[in-house]
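Count residues from 1 along the sequence.
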Amino acid sequence: MRRALVPFLRCPRCRRGALQPEVDAPVLFFGPLRCQACGASHPVAEGVADLVVDPAASGPLQRGMEQRWVARSYERYMRPVLQRALTRQPLDGDSEFVLYRSLLGKPEGTVLDVGCGTGLLARRLAHEPDAPPVAALDVSRAMLEEGVAQVREAGVAVDFLRAEAPYLPFQDGVLGAVLMSDALPFVADLPRMMMEVHRVLRPGGRWVASTYAPPGAPRALLHRGVGLHPRGEAELRREAAAAGFVRFERVSLPSLLVVKAEKGSAQTPR
């Protein structure tokens with residue numbers, strides 16, 4: 001993790017204090033981050049800051065993501081299988097990236113990939129010429145370990161954090177964009193998630209996310225049983241507006257909904 005990201009972070013325990021590394025180096029591989037307000041200590045190992053305080057109970061699908069064999073096969077096998085099972089007609093990898101990248105626009109600050117998995121999209125963002133700093137967040141240790149290995153092999157810079165949505169361990173108004181390519185259906189508390197994303201974005205910053213079409217009643221119970229919470233456009237539009245977002249747009253594909261919204265500023269019309 002690059003030292004330059006640390007001033008943007010805040011303590012996940014007290015949710016107000018700034019974090020300070022024990023060693024002032026350009027890149028942090030080990031050593032704790034200490035909260036300047038409450039004194040809490042958060043470990044850093046292999047360059048990944050662990051900012052999970054009280055882990056929530058996870059569903060069966062999320063627990064599966066903690067398996068190392070799942071993480072190692074995620075990009076080639078598990079992610080395509082999961083996308084096909086949920087969306088039936090998934091986009092190919094290049095088309096998916098082009099769509100998300102176009103909706104992100106030109107972020108004026110760090111881009112955060114929430115629910116990054118092994119960092120597939122984060123790596124592609126970081127590989128672009130003149131790319132802004134890219135941070136990637138996930139709760140699965142196995143996914144993050146694989147993500148770190150993939151980033152080293154690709155020779156790009158991505159700052160990985162272990163944290164658990166909906167709470168985001170960032171100061172107010174510090175991020176240029178937030179991407180949630182696969183994570184939104186895993187979030188149970190959508191209103192809190194939207195408020196957190198709005199809080200951490202700079203004015204004019206964009207939120208881009210995707211979800212699959214909510215199934216009918218019998219299948220919906222099954223999806224919730226494994227920890228999935230798909231949403232339709234009306235609910236996403238309503239919660240985005242309630243959190244303060246403007247310029248809500250959507251791209252509707254067969255069984256897949258991709259949305260974009262902006263944090264308003266004094267110059268942004270609603």
Side-chain angles (χ1 to χ4, degrees), residues 1-21 27-28 32-44 47-56 104-105 107-117 119 121-122 125-126 131-140 143-144 147-148 157-184 186-187 189-209 239-240 243-245 260-265:
M1 182 177 69
R2 288 167 290 187
R3 174 67 174 81
L5 182 71
V6 175
F8 295 165
L9 301 177
R10 78 171 189 181
C11 178
R13 183 171 295 280
C14 67
R15 295 179 187 162
R16 57 187 176 87
L19 298 180
Q20 183 70 30
V27 180
L28 306 176
L33 298 174
R34 298 192 185 279
C35 176
Q36 302 301 290
C38 71
S41 178
H42 306 284
V44 178
V48 179
D50 191 334
L51 302 177
V52 174
V53 178
D54 298 310
L104 286 171
E108 297 182 359
T110 298
V111 177
L112 174 65
D113 184 1
V114 175
C116 65
L121 293 175
L125 286 170
V134 178
L137 176 156
D138 205 286
V139 71
S140 167
M143 290 288 180
L144 293 171
V148 169
V158 176
D159 297 310
F160 285 100
L161 304 169
R162 182 171 181 257
E164 190 168 26
Y167 293 102
L168 301 177
F170 286 87
Q171 302 286 351
D172 297 356
V174 295
L175 299 180
V178 173
L179 173 65
M180 300 180 68
S181 61
D182 293 321
L184 198 56
F186 287 88
V187 176
D189 191 346
L190 180 61
R192 172 58 61 184
M193 184 80 257
M194 297 306 302
M195 287 189 289
E196 280 290 283
V197 173
H198 188 271
R199 179 184 65 78
V200 301
L201 281 173
R202 294 180 175 184
R206 293 184 178 185
W207 168 69
V208 175
E239 295 299 341
F245 282 99
K260 182 221 77 173
E262 294 183 14
K263 181 174 181 175
S265 63

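- Put simply, the side chain of V174 does not reach to within 4.5 Å of the side chain of R10, judged on heavy atoms.
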Between V114 and L112, does the side chain to side chain contact (heavy atoms under 4.5 Å, CB included) criterion hold? Intermediate values first, please. CA-CA 6 Å; V114 175; L112 174 65; 3.7 Å; yes

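- In this structure, CG on L121 lies 7.0 Å from CG on D182, to the nearest 0.5 angstrom.
- Across V6 and P21, no two heavy atoms sit closer than the pair CG1-CD, 3.8 Å.
- Between E196 and L168, the shortest heavy-atom distance links the atoms OE1-N, 2.8 Å.
- In this structure, the separation between CG on L161 and CG on L144 is 8.5 Å, given to the nearest 0.5 Å.
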Using side chain to side chain contact (heavy atoms under 4.5 Å, CB included), reason through M1 and V27 one step at a time and then give a plain yes or no. CA-CA 6 Å; M1 182 177 69; V27 180; over 6 Å; no

Take C11 and H42, measure what side chain to side chain contact (heavy atoms under 4.5 Å, CB included) needs, and give me the verdict at the end. CA-CA 9 Å; C11 178; H42 306 284; 3.4 Å; yes

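- When all heavy atoms of R199 and Q171 are compared, the closest pair comes out as NH1-C, 3.7 Å.
- In terms of heavy atoms, G176 sits closest to L201 at C-CD2, 4.0 Å.
- Taking both residues in full, the closest heavy atoms of R16 and A37 are given as NH1-CB, 3.5 Å, listed atom of the first, atom of the second, then distance.
- Residue W207 forms a side chain to side chain contact (heavy atoms under 4.5 Å, CB included) with just one option from K263, M180, K260, and that option is M180.
- Residues L104 and L125 meet the side-chain proximity criterion, which asks for heavy atoms closer than 4.5 Å.
- Looking at L19 and R34, their side chains never come closer than 4.5 Å, going by heavy atoms from C-beta outward.
- Using a 4.5 Å heavy-atom threshold, the side chains of C35 and R13 count as separate.
- Open room surrounds CD on E108; 12 or fewer heavy atoms of other groups in view lie less than 6.0 Å from it.
- Relative ring orientation between F245 and H198 is described as perpendicular, the plane-to-plane angle rising above 60° on a 0-90° scale split at 30° and 60°.
- Taking CG of D50 as the reference point, atom CG of L33 lies at 10.5 Å (rounded to 0.5 Å).
- With contacts defined as side-chain heavy-atom distances shorter than 4.5 Å, the pair V197/L175 does not qualify.
- The CE atom of M194 sits 11.5 Å away from the CG atom of D189 when rounded to the nearest 0.5 Å.
- The CG atom of D113 sits 8.5 Å away from the CG atom of D138 when rounded to the nearest 0.5 Å.
- Counting all heavy atoms, side chain and backbone alike, P166 lies closest to M193 at O-CE, 3.4 Å.
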